[in-house]
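Naming convention: chains lettered A, B, ... in sequence-line order (proteins, then strands); numbering from 1 in each chain.
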There are 4 protein chains.
Amino acid sequence: MVPKTFEDLKSQEREARKKLIAGVARELFARNAFREVTIRKIAQATEVSVGTIYNHYSNIDELFLEVFLENGRQIIRLVKKTLESDSSRVLSQVCRVYVNYLNENMSFFQMMSRFILAGELTAKNLPKLDQTMRELLDLFEEALRIAGNRTNTRLSAHALFSALNGIMISYAKYPGRAAEESREHTLCLAEIIAENFELRESRVPVQDN
Amino acid sequence: MVPKTFEDLKSQEREARKKLIAGVARELFARNAFREVTIRKIAQATEVSVGTIYNHYSNIDELFLEVFLENGRQIIRLVKKTLESDSSRVLSQVCRVYVNYLNENMSFFQMMSRFILAGELTAKNLPKLDQTMRELLDLFEEALRIAGNRTNTRLSAHALFSALNGIMISYAKYPGRAAEESREHTLCLAEIIAENFELRESRVPVQDN
Amino acid sequence: MVPKTFEDLKSQEREARKKLIAGVARELFARNAFREVTIRKIAQATEVSVGTIYNHYSNIDELFLEVFLENGRQIIRLVKKTLESDSSRVLSQVCRVYVNYLNENMSFFQMMSRFILAGELTAKNLPKLDQTMRELLDLFEEALRIAGNRTNTRLSAHALFSALNGIMISYAKYPGRAAEESREHTLCLAEIIAENFELRESRVPVQDN
Amino acid sequence: MVPKTFEDLKSQEREARKKLIAGVARELFARNAFREVTIRKIAQATEVSVGTIYNHYSNIDELFLEVFLENGRQIIRLVKKTLESDSSRVLSQVCRVYVNYLNENMSFFQMMSRFILAGELTAKNLPKLDQTMRELLDLFEEALRIAGNRTNTRLSAHALFSALNGIMISYAKYPGRAAEESREHTLCLAEIIAENFELRESRVPVQDN
DNA sequence: TATGAATGAGCTTTCATTCAT
DNA sequence: AATGAATGAAAGCTCATTCAT
């Protein structure tokens, strides 16, 4: 958007600064355990005062949500691109892209856990979460359809989404395993999930020959 | 185990007290949000002092692990019983039993999240976690085999386990939904997961050419 | 005051803006608890920036003082009107008018408390406070005189002023009581204070022995 | 109370420590403006950690209330002693004792302001406040009766209590005056209040002689 | 003169852990 | 072995004030 007036400029700058904070926070979340990311640390990393953060976000959960949603938007972009490439086994590729992204943005689940399991979300912010979720599920649904899965596609999309998230919470950092080993394991499981959600003629035992 | 010596007796008692604490903590976790359960509250509920808890567990994560493992043992018992009943669609039933249990013991994931994603687990305790996981996965593997799934059964068991956990983190308390509604949704998704992990001849389009 | 020069005009405008801020702040204080009124909220309510407020008042207490004094001027106007009405029991009416006003402008005491008990007042501003106090006390003194109280009238005015303020701090919002109930209680106490400050022939027991 | 058991001893000690904190806080309040007394400073003054304070008081207002009530109990003791001394003009002496005490424990009103005007009091603590207030008012009522004031004594006690409090809020630290000067002024006003609440035959102008 | 984003010291409160008894 | 008071670092958040634009 090209600013038309001085006001526009200022509000654009403000928005940019706000995004900057969320961006730095996102990096922090990618590198650290969710519990260890505090407002003070975000402030330090952004080279901004604590108060400034509260000038942009009215509380910590609002900032978390912003990061969460930005993660969501990134994923949506990646998945969209994957769907557009007309390669074979699109579903498998979508699953791998998704799990791959999550491996590099670990805190995504811990936030999900916070927003969904612990319910730290105001009614005001709920629609934002819903909207992002819906967009992502639309894409999963499309991938399922392409893969030949044509019954209950919405519910199946939910199940697929769940299953991939579950891989992460269950194995992304399984204690005692090296990072790369874990990552490969999650990708391997993503592949299995994908296969199970594809229409699988080949897996049917040959019958009458 | 029948005590043979006075020492045995004392150590049995000690073990009993330790279990008592873990048991009360487990109830607390079932009824409350993970974040709200503190050492103090566990001490109060057990009618034991804070210090006593530290006499049995060297830190809070050791106690959490004990609770987690006890949860695991309960699940294992339930799944075993399900496998023994020779009804049809055993895999589906196993999935439902598992998800059902988790609905009533929500904190299970938050602990999983703590141990796996946040890595709060000492090397010393890792084997205990491993052992329980292995037992549970053995059962899932068996269920898969019964359902006709015969390739890569170990990895498939991992994938199934992941998928079911994912249902919980993604939808168990989806904000804005009533508890009963959420529960039904999770069971419905468990069923879809089960179907996708079963051998599904019926889903193959008729090939009459 | 009619502006004579351009300078006058500008300075008049400036003064008007200053009064505007104080006026809005006054409304805010009347409707909200003292502790909840912040510079930010005053700025928002005035539709002016925080910085602008600091252009007119060098700190928050200067603004508070302005509000306090404006409250004082309002009270003075009301009490004057009451004194001019040649009704009977003027002292009682003055007391009720005063307490009534305070019931609708609660923060008055909290400011008094701030200025007097906590001493948040610069030497520069002291004369303004003094001047307003003196005017109000003049009126109380006159009311006492009308009521027949003719000894130590200045000190009695102080005592009367104190007593009415004390009603508010002691009972204006006594916890557990409804607002209307509290208000009535304060008016009732104001009446008792008035009676005690009037010359009370009737209260002397008949001495027929 | 003489401790009977070891338990008694421990609980007595605990109680003593709790009182110690309140006592130190009371001194702090006597010497400093209410706003400047923080949990941290109380902890420092008591040579105790912040956490310890929260072991004894569940929040800051509970501690404030304790201090307030202890102030109240002290006043009650003093007023009682005054009533028991069979000197003349007991009411006047009661008023002076009360105002004198408050001069040495300034924060009393700021707490009153907090509890009464700002309503920072949980339902649970309300009865404690009520009880102390009632006891104090009983004494004021008795003083009024002794002074010959026999109508509406309860309401009059309220009015008297209010009036004396008002002296403090209005003049205890009137800016620009020396401490001793202010103190004398408050005592002088207390005397005037007392006179006005006494039955005053002498003040009645001689009528028909 | 008006703006309002930035500041940061300071607030209350929490809670796993320690240790003298 | 059991106790539970003491600890204190660290959390989220507030708000009067400043200052570059």
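- For the pair A:S49 and E:dG8, the criterion of a side-chain N or O lying under 4.0 Å from OP1 or OP2 is not met.
- Between B:H56 and the phosphate of F:dA1, there is no side-chain N or O to OP1/OP2 separation shorter than 4.0 Å.
- Distances from the side chain of A:I60 to the nucleotides F:dA2, F:dG12, F:dA5 place F:dG12 closest.
- Within the 4.0 angstrom heavy-atom criterion, base atoms lie near A:R40.
- DNA chain E is contacted by both A:V50 and D:V37; A:V50 maps to the nucleotide lying nearer its 5′ end (nearest heavy atom per residue).
- Between B:V48 and C:E36, it is B:V48 whose nearest contact on DNA chain F lies nearer the 5' terminus.
- You'll find a donor-acceptor pair under 3.5 Å spanning the side chain of D:N55 and the base of F:dA6, going by distance alone.
- Between B:H56 and B:V48 the shortest side-chain heavy-atom distance does not fall below 4.5 Å.
- Nucleotide E:dA20 holds its C1' atom 11 Å from the CZ atom of D:R17, rounded to whole Å.
- Using a 4.0 Å heavy-atom criterion, one finds that A:R35 contacts no nucleic acid atom at all.
- Proximity of a side-chain donor or acceptor of A:Y57 to a complementary backbone N or O of A:F64 within less than 3.5 Å is not detected.
- Using a 4.0 Å heavy-atom distance criterion, D:T52 is classed as a base contact.
- Note: D:F68 and D:F29 fail the aromatic proximity criterion, with ring centroids not under 6.0 Å apart.
- Of the two residues contacting DNA chain F, namely A:G51 and B:I53, the nearest-nucleotide position lying further toward the 5' end is that of B:I53.
- Nucleotides of DNA chain E nearest to B:S58 and D:D61 differ in position, and the one nearer the 5' end is that of D:D61.
- Here E:dA9 presents its P atom at 15 Å from NZ of D:K41, a figure rounded to the nearest Å.
- Across every non-hydrogen atom of C:L63 and C:A22, the tightest pair is CD1-CA, 4.2 Å.
- Closest to the side chain of B:Y54, from the set F:dT17, E:dA6, E:dT17, is E:dT17.
- Taking atom CD1 on A:I39 and atom C1' on E:dA9, their separation rounds to 17 Å, with Å as the unit.
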